[in-house]
Every structure is written in structure tokens, then in C-alpha cells.
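Step one of this worksheet: look at the structure below.
Proteins come first, then strands; the chains are lettered A, B, ... in the order of their sequence lines, and each starts at number 1.
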There are 2 protein chains.
Amino acid sequence: MPKKVKISPEIIEMATLTKAMSHPVRLYILQKLAHMNTCCYSGDLVDELPVGRSTLSQHLKELKYAGLIQGETEPPYIKYCLNRENWDRARSLFNELFSESEIMVTEGRIPGTQ
Amino acid sequence: MPKKVKISPEIIEMATLTKAMSHPVRLYILQKLAHMNTCCYSGDLVDELPVGRSTLSQHLKELKYAGLIQGETEPPYIKYCLNRENWDRARSLFNELFSESEIMVTEGRIPGTQ
DNA sequence: AAATCATTTCGTTATTTTGCGAAATAATGG
DNA sequence: CCATTATTTCGCAAAATAACGAAATGATTT
């Protein structure tokens, strides 16, 4: 009986995030925004990253599409910042994925030892 | 002055992980292994997932390549389990990325834990 | 209105990914 | 040794991704 499972919306959601995060340039941007706790401009990024303007623009578009960043237009620049709400959502999904299974450690003991 | 930055090995490493995690089927497998705290067989997975055997095999191969899972041959089956060491490493990289602009991790421990 | 600046969209090319079924492997049972 | 079972590799097609330069857009300044 091939009891096919429907892949949950949560997993689909997470796959959208991981896909957006699956390129070094995009990860670099996210890390910069998250750790510097700041926003930045496309022009700054193109100066420090090894890709052309149009390519960078594509990467920013993908991050925007996944909801991880947002761009405020601030003529003549566009200021890109983390989308805090979705970033927190992503954090929570990753925390859930990496959380140890419920039936786990009770008092520091490593299961299977002793 | 276009001071081009070299993308750090850590980011490259993480991009390998996110790429491996960027497909719903692969995420499903990882989630199952992590949460059920168990191993599983290709045959079980192909019964519950909406892909063919050869496609599933490809996905398993990619997860193996990224180091997230490992397969122990247990004739006539192959038992797939999380690679705990790399899974922990992944957790730590993600924690670092999502940590609120704190100090960076150099060794295994995440600041603020334990 | 024309020139300038930052950025995006378009059109193209090369590469990678996803998926499948058929054939190949590897191990076991008759 | 042949058949069976579990899984992987191969060969292929379709789609998606990544990258670039050129052209287009939008806003400002001259």
C-alpha cells in the first residue's frame, strides 16, 4: 500500500527559504544584514561582491520574493533591509527542524550511554 | 574602489547545506530523520513520497554528498541515518546566522547556550 | 528638455537540477 | 546458477538557475 504523504505547507515554506538561501552571494547578503544589523544599498554590494549589477539585482529579487528582505526606495538609491517578521519566522522554522526530538535528554545524560 | 570581498569558506559551506536542503523531498527526509530520531530505508521513503525510486535515490545522494546523512548497508536494505556530527555543525551554522548580531562562534559552542 | 545616476528588466547563453524509465549492481533464496 | 528484491546508475528531456551586457526605467540635476 503506497500510502503517499502530502508534503506539508510548512516544509514547502521552508524549502522556499532554503532555496533562497542556497547561493553564496545571497547568503552573504543575508549574513551582512543580520549581523551588521543594518541595511545596505545595491551599489555597495556590487562593489564588494564578485558579480555584475544585473546579476546582483536578480539575487536581491529572489531574496525579496522569498520574503527575507525588503527594499525601501530612497532616491536615487534603494535601501535593502531584512524583513524582520519573516526572518524571525525563518529562525523559528530552523529552530524547529534542528530541535532534538521530544523524547530526549532529561538530566544531561546522553541516551545510549552508561 | 571596488574592494571585492572573498566569500568566506563558512558561507560556502553553508551554501552547500542550504542547497542540499532546498528541495521539499530532501527537507522531508531530514525532518523525519531528525524528529523521529530514527533511521529509515529507501523503500519506506519511496512508498510515502511522491517521487520514483531513481529520483529518490538522487535526492539521497545529494544529502549524502552534503554530509547530512549517511547510509549503512544492511542487506538487502540500506539504512539511512542523520550524520550527527554534520547535523550539529549545520545547527551551529544556522544558529550563528540567525543570532542577533552577537559575537561570532569560532569553536563548537554557541554563546548563550548551556 | 537633456544629461546623469542607480537600479532593473530583457535577451541570450551555459550550466545545473529534477524527473523518469530502463538497465546495471549487489545480495539472498531456491 | 537463476530468480527475486532493493537500490543505484545511465541516458535522456524539460525546466530552472546563474551570469552577462545592452537597453529600459525612474528620479534628479543642469
Side-chain angles (χ1 to χ4, degrees), chain A residues 1-7 11-12 14-30 32-33 39-66 68-81, chain B residues 1-7 11-12 14-30 32-33 39-66 68-81:
Chain A
M1 267 42 175
K3 207 171 34 159
K4 298 286 182 190
V5 146
K6 188 179 176 329
I7 293 193
I11 288 193
I12 304 286
M14 193 154 185
T16 303
L17 294 175
T18 44
K19 201 168 103 189
M21 296 167 70
S22 72
H23 189 285
V25 163
R26 296 196 293 267
L27 268 182
Y28 177 94
I29 294 168
L30 290 173
K32 176 164 186 160
L33 294 181
C39 301
C40 63
Y41 300 92
S42 175
D44 298 340
L45 289 171
V46 87
D47 282 345
E48 59 190 277
L49 284 169
V51 287
R53 282 167 203 286
S54 57
T55 304
L56 178 64
S57 189
Q58 271 307 105
H59 285 309
L60 289 169
K61 188 178 172 183
E62 277 179 72
L63 289 173
K64 237 187 313 182
Y65 174 77
L68 290 170
I69 66 171
Q70 56 199 350
E72 296 171 50
T73 163
E74 200 178 72
Y77 304 103
I78 297 178
K79 187 172 72 170
Y80 284 101
C81 314
Chain B
M1 268 43 177
K3 206 169 42 158
K4 299 286 183 190
V5 145
K6 189 180 175 322
I7 293 193
I11 287 193
I12 304 286
M14 193 152 185
T16 304
L17 294 175
T18 44
K19 200 168 102 188
M21 296 166 72
S22 72
H23 190 285
V25 163
R26 297 197 292 268
L27 266 182
Y28 177 94
I29 295 168
L30 290 174
K32 176 164 184 160
L33 294 181
C39 301
C40 64
Y41 301 92
S42 175
D44 298 339
L45 289 172
V46 88
D47 282 345
E48 60 191 276
L49 283 169
V51 287
R53 282 166 203 288
S54 58
T55 303
L56 178 64
S57 191
Q58 270 307 105
H59 285 307
L60 289 169
K61 188 178 174 184
E62 279 179 71
L63 288 173
K64 237 187 312 183
Y65 173 77
L68 289 170
I69 66 171
Q70 56 199 350
E72 296 171 49
T73 162
E74 201 177 71
Y77 305 101
I78 297 178
K79 187 172 72 170
Y80 285 101
C81 312

How long is the straight-line distance from OH of A:Y80 back to OG of A:S42, given to the nearest 0.5 Å? 6.0 Å
Tell me the interatomic distance from B:R53, atom CZ, to C:dT25, atom C1', rounded to whole angstroms. 15 Å
If only atom types and distance count, is the side chain of B:T18 paired as donor or acceptor with the main-chain N or O of B:M14 below 3.5 Å? yes
Using a cut-off of 4.0 Å on non-hydrogen atoms, how would the nucleic acid contact of B:S42 be classed: base, sugar-phosphate, or nothing? sugar-phosphate
Atom-to-atom span, CG of A:L49 to C1' of D:dA19 - whole angstrom: 14 Å
Quick one: which of D:dT17, D:dT7, C:dT7 gets closest to the side chain of A:Y77? C:dT7
Could you tell me whether the side chain of B:K4 and the main chain of A:L49 form a donor-acceptor pair under 3.5 Å? yes
Separation of atom NE2 in B:H23 from atom P in C:dT18, rounded to whole Å: 5 Å
Output a table of nitrogen or oxygen pairs between the protein and nucleotides 24-30 of chain D separated by less than 3.5 Å.
none

D:dA18 OP1/OP2 closer than 4.0 Å to side-chain N/O of A:T55: no
Round to the nearest Å and state the distance from B:L60 atom CG to D:dT7 atom P. 9 Å
Could you tell me the separation between the CG atom of B:L63 and the C1' atom of C:dT17, rounded to a whole number of Å? 14 Å
Got a second to check how far B:I29's CD1 is from B:L60's CG, nearest 0.5 Å? 4.5 Å
Looking at B:Q58, B:E62, B:H59, which one forms a side-chain contact (heavy atoms from CB on, under 4.5 Å) with B:V25? B:H59
Please determine, for the side chain of B:V51, which listed nucleotide (C:dT8, C:dG19, D:dA19) has the closest atom? C:dG19
Residue mapping more 5' on DNA chain D - nearest nucleotide basis, B:S57 or A:E62: B:S57
What nucleic acid atoms does B:K79 come within less than 4.0 Å of, heavy atoms only: base, sugar-phosphate, or nothing? nothing
Less than 4.0 angstrom between a side-chain N/O of A:S54 and OP1 or OP2 of D:dG21, yes or no? no
Starting at atom CD of A:E74, determine the distance to atom C1' of C:dT7, rounded to an integer number of angstrom. 14 Å
Closest to side chain of A:R26, choosing from D:dA18, D:dT8, C:dT8: D:dA18
Look at the side chain of A:K19 and decide which nucleotide, out of D:dA16, C:dT18, D:dT8, has an atom nearest to it. D:dA16
Out of C:dT7, D:dT8, D:dA16, which nucleotide sits closest to the side chain of A:Y80? C:dT7
Can you check the B:D44 CG to D:dA6 P distance for me, whole Å? 10 Å
Short side-chain N/O contact to C:dT17 OP1/OP2 from B:H59, under 4.0 Å: no
Whole-Å distance, A:M21 CE to D:dA18 C1', equals 19 Å
Keeping A:S57 on the side-chain end and A:S54 on the backbone end, is there a donor-acceptor pair under 3.5 Å? no
